[in-house]
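Here is the naming used below: chain letters follow the sequence lines, and residue numbers restart at 1 for every chain.
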Amino acid sequence: MDQTVNQRTLLLIDRVSNDILTLNKRFENIITLAPIDGKDKNVTASEVFQIEVHATAMIRAAEDLLALTRSLKEAWLFGQLGTTVNAERPGTDANAKEVSQALLAWYKKSVST
Amino acid sequence: MDQADKLLLSLKSWPAPDPVRNSITALIPRIQQERGSFRDTTEELLEKEIAAQANTSNEKLEEDSAIEDEESTPEGQDAVEKPMDDKERMVMLARGREEIIAEIQMAQHEATVALDFLSLISSLNSEMAYNTLTPGLKEVIPPKAMGVEKVSTKYPPQLMQDDRLISQGWKMEGLDSAGDALLRAASRLKAESEKEKRYWEQIMSIRDEGWTICKHPKLRNTLGVRYGFAETAANFENTGIGALRRGDDGSIDLEDPGASRARRVVRVRIVHAGTITGCARPLGNRGQTPSLKEKILLARDYIYEEELYFEIMKEARHMASQGITTSEDTVTIDMKAGKCIHIDMAPIDEEVYCTGESDDLAQAFGIALRILLSYGHRITLRNRSRPQRPLFHRKGPPGPLPLLRPMVTHLWHYEHSEHLIKFCGHLRDIVHSAGLPTTVIMNSFKNCQASKMKDIESSIAEFIHSPLESEAILELPGGWRVTIVMRTHLAQPWFGTTYAVTASHDGVCARLMGRNNITAMTELETYLLWCLERSIVNAIRLMEGQGWEQLAQGNSMEKNDGKAIKLIKIHVEKGGLHVRSGYVGGRDSEYVWTGSKKERHLEDVLREI
């Protein structure tokens, strides 16, 4: 159990660092491609296309991070942290007992009179 | 160039006339597509158009012929004017085809040469490129045999300037669009995460209420809330999960499987002689726009009602021998004397529920049924969590839950004990009116009056599993004492009410003493009347200064006062106490005590006889 949890944790950490790396790297790439430096129009055209590709990859990484937060929440909710919920309300039985004692008392009183 | 663009060359064979293409079914849609609706097409319009077309084509022909006149020989003019026959056409086509193929071969050749050229240059850097060289060339030319050097061309400054501007503009545009895309994505993700936050806040609030959140078993990537009961019958196991979908604004939308069906609840009605005298009110809130938590509660309530009715039906079918009948949608409990209880499902609507004098009974009946189902769930849980019995392989199908059985037991016991109380009271009134002492002590539902309740479950268990017991003690005149223990149980061994009657006295009577088990009320009544009769006989026998003697242990007595032998006969029936007196040779006279009013003392009456 511990091992699977650890593996899971490692996978998640990997995913986060991958996404962050992608964001940084792709942004860096865009900046590198930004100057013109006397390149002719054909080279520029291909560079513009590359910029678009990098931007899309950044968006994808950000979306992946959002999806990651959701799966983390679900993992937490479904008891990977050992959280269990007891749906039964503890006060119910006590209330029921009170009510039935009162009913019994009322009944005995009505029988005796 | 312009001409070349317009020239459409096809290598396909000449199209054969297609019957489908020129059929009327293909023509009509084509005409409609080209010219629009037929409504706008008139004959004049078409004629005009044809005329215009003919004019233009004539003009064109004239133009063409004029051009050809200039360029071509008279033979060429003949060729245009003279229609070609099929053979010539075929020849022309074949020639054209050959020309095209030659062009293609030329292009192919040029492409190969270009590829060879590039491969040869690239082979300077990589051996791989050499592989793409034409096999024939490979034999002749070794790799890296051709060098290449970049020659800086002198562009005209104007061209350079243009190129720079275009590059600049294009790159600016590219960066702009990338930035825009990122910004759009950022705002979208921001909105998304806000929605997500709202959604999860609500999920947490549901969870804090104590509901179980789970993954929906049928819908992927959707959370569900389990509001069903863990211990329900197999038929309801999968109905208790509602999908928690995220709405457009991030709020939770509960999609519960029962919402599509009409909401109905179990309705209990008391019917007396064909008219409804009582009806249970449905419980629970019925807001027009319930909040999420209320929606979950409602869904749970309805599923509980459905299960309750299902279980009631199941049990009722097992109890047909005990006056419970089922029809397609109603369970009827026959309570005798024209009274019956109807249980069915009805929608929550005001007009369906009427009111009457037995409302409280119906309401109590409904509530008790619901409590019993909840108790049934607990028992199922306990049975499930118990270790299995050894050498026990297969579980049988679960029997019906005790819902109607305890309720009907209770009602019948109540009815019978009321009847007994009434009857004993009547006897007491008769005896009192005759001036004799008697007491009746009634102890109803003796075994349901535990002084201290341990816990809820065990107290309900007593109510369900043990027979209900009431006790009546009658102290009759003449030292008689009759104890009636009345038990009701709708199971083995009685399936109804039984009366254990114990009579004791001073030993004057030898018949039917000790303990008797009686199962019918009429039998009990007759027996009690008999006991009263004999006890009064005994009381008269014991009266001081009267001197009556019992004859043959019967209900006749005689007295010899010296003058005559007087006889009396004591008789007790439902109507009252009858004392018939007489003497040999005289007329009989009768005294009756009905118990309705205070009458003369029995002792005085006897003294006068």
Side-chain angles (χ1 to χ4, degrees), chain A residues 26-27 30-31 33-45 47-56 58-63 65-67 69-71 73-74 76-79 83-90 92-101 103-105 107-108 110-111, chain B residues 155 160 162-175 177-182 184-186 188-190 192-193 196-197 199-200 203-204 207-215 221 223 226-227 229-230 371 374 378 442-445 448-457 459-460:
Chain A
R26 299 296 180 139
F27 186 63
I30 291 178
I31 298 298
L33 290 170
I36 297 172
D37 282 346
K39 292 168 202 155
D40 67 359
K41 58 186 176 189
N42 301 319
V43 179
T44 313
E47 279 182 359
V48 167
F49 178 64
Q50 281 179 46
I51 287 172
E52 266 173 37
V53 171
H54 290 316
T56 316
M58 280 175 77
I59 293 169
R60 229 201 111 277
E63 275 171 358
L65 279 177
L66 187 66
T69 57
R70 171 147 184 158
S71 58
K73 283 171 194 160
E74 280 182 13
W76 179 76
L77 191 65
F78 297 135
T83 45
T84 48
V85 185
N86 190 7
E88 204 172 282
R89 289 173 202 171
T92 314
D93 264 22
N95 288 345
K97 199 170 168 181
E98 287 289 319
V99 170
S100 33
Q101 292 276 23
L103 265 176
L104 196 61
Y107 175 71
K108 277 183 183 167
S110 72
V111 164
Chain B
Y155 284 113
M160 291 271 283
D162 281 358
D163 201 278
R164 206 166 54 82
L165 279 176
I166 290 169
S167 298
Q168 240 172 14
W170 204 333
K171 190 150 269 188
M172 285 300 286
E173 209 168 285
L175 283 171
S177 80
D180 281 351
L182 282 172
R184 264 201 312 275
R188 185 167 55 81
L189 287 176
K190 190 182 167 212
E192 188 77 3
S193 79
E196 194 80 341
K197 186 173 163 238
Y199 177 72
W200 279 93
I203 292 270
M204 285 315 292
R207 189 174 172 276
D208 289 341
E209 289 271 303
W211 300 105
T212 311
I213 307 283
C214 59
K215 278 185 183 163
N221 297 331
L223 293 176
R226 183 182 282 280
Y227 51 74
F229 300 84
I371 292 175
S374 170
R378 286 192 186 201
M442 190 74 198
N443 195 359
S444 294
F445 295 92
C448 295
Q449 300 177 31
S451 56
K452 188 78 186 162
M453 207 173 274
K454 269 188 293 180
D455 60 84
I456 293 300
E457 280 183 30
S459 57
I460 293 182

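Put simply, OG1 on A/T44 and CE on B/M172 are 13.0 Å apart, with the number rounded to the nearest 0.5 Å. Atom CZ of A/R70 is separated from atom CG of B/L223 by 5.5 Å, given to the nearest 0.5 angstrom.
Interface summary for chain A: among B/I371, B/L189, B/D162, B/I203, the most heavy-atom pairs under 4.5 angstrom belong to B/L189. With respect to chain A, the highest number of heavy-atom pairs below 4.5 Å among B/R184, B/R164, B/Q168 belongs to B/Q168.
Residue contact with chain A, scored on non-hydrogen atoms closer than 4.5 Å, is absent for B/M160. For a residue to count as touching a neighbouring chain, one of its non-hydrogen atoms must lie under 4.5 Å from one of that chain's; by this rule B/I166 touches chain A with the side chain only. For chain A, the nearby parts of B/S193 are the backbone and the side chain; heavy atoms of each come within less than 4.5 Å. Residue contact with chain A, scored on non-hydrogen atoms closer than 4.5 Å, involves the backbone and the side chain of B/W170 alike.
Between A/E63 and B/R188 there is a salt bridge, since at least one side-chain N of the basic residue sits less than 4.0 Å from a carboxylate O of the acidic one.
The minimum heavy-atom distance linking B/E192 with A/L66 is given by the pair CG-CD2, 3.4 Å. The shortest non-hydrogen separation linking B/A178 to A/I51 is CB-CG2, 3.6 Å. Nearest heavy atom pair, residue A/M58 against residue B/L182, reads CB-CD2, 3.9 Å.
When the shell of 6.0 Å around NZ of A/K73 is examined, it contains more than 12 heavy atoms from other residues, nucleotides or ligands.
Between B/E196 and A/T69, every side-chain heavy-atom pair lies at or beyond the 4.5 Å cut-off. You'll find the side chain of A/I30 reaches within 4.5 Å of the side chain of B/L175, heavy atoms only.
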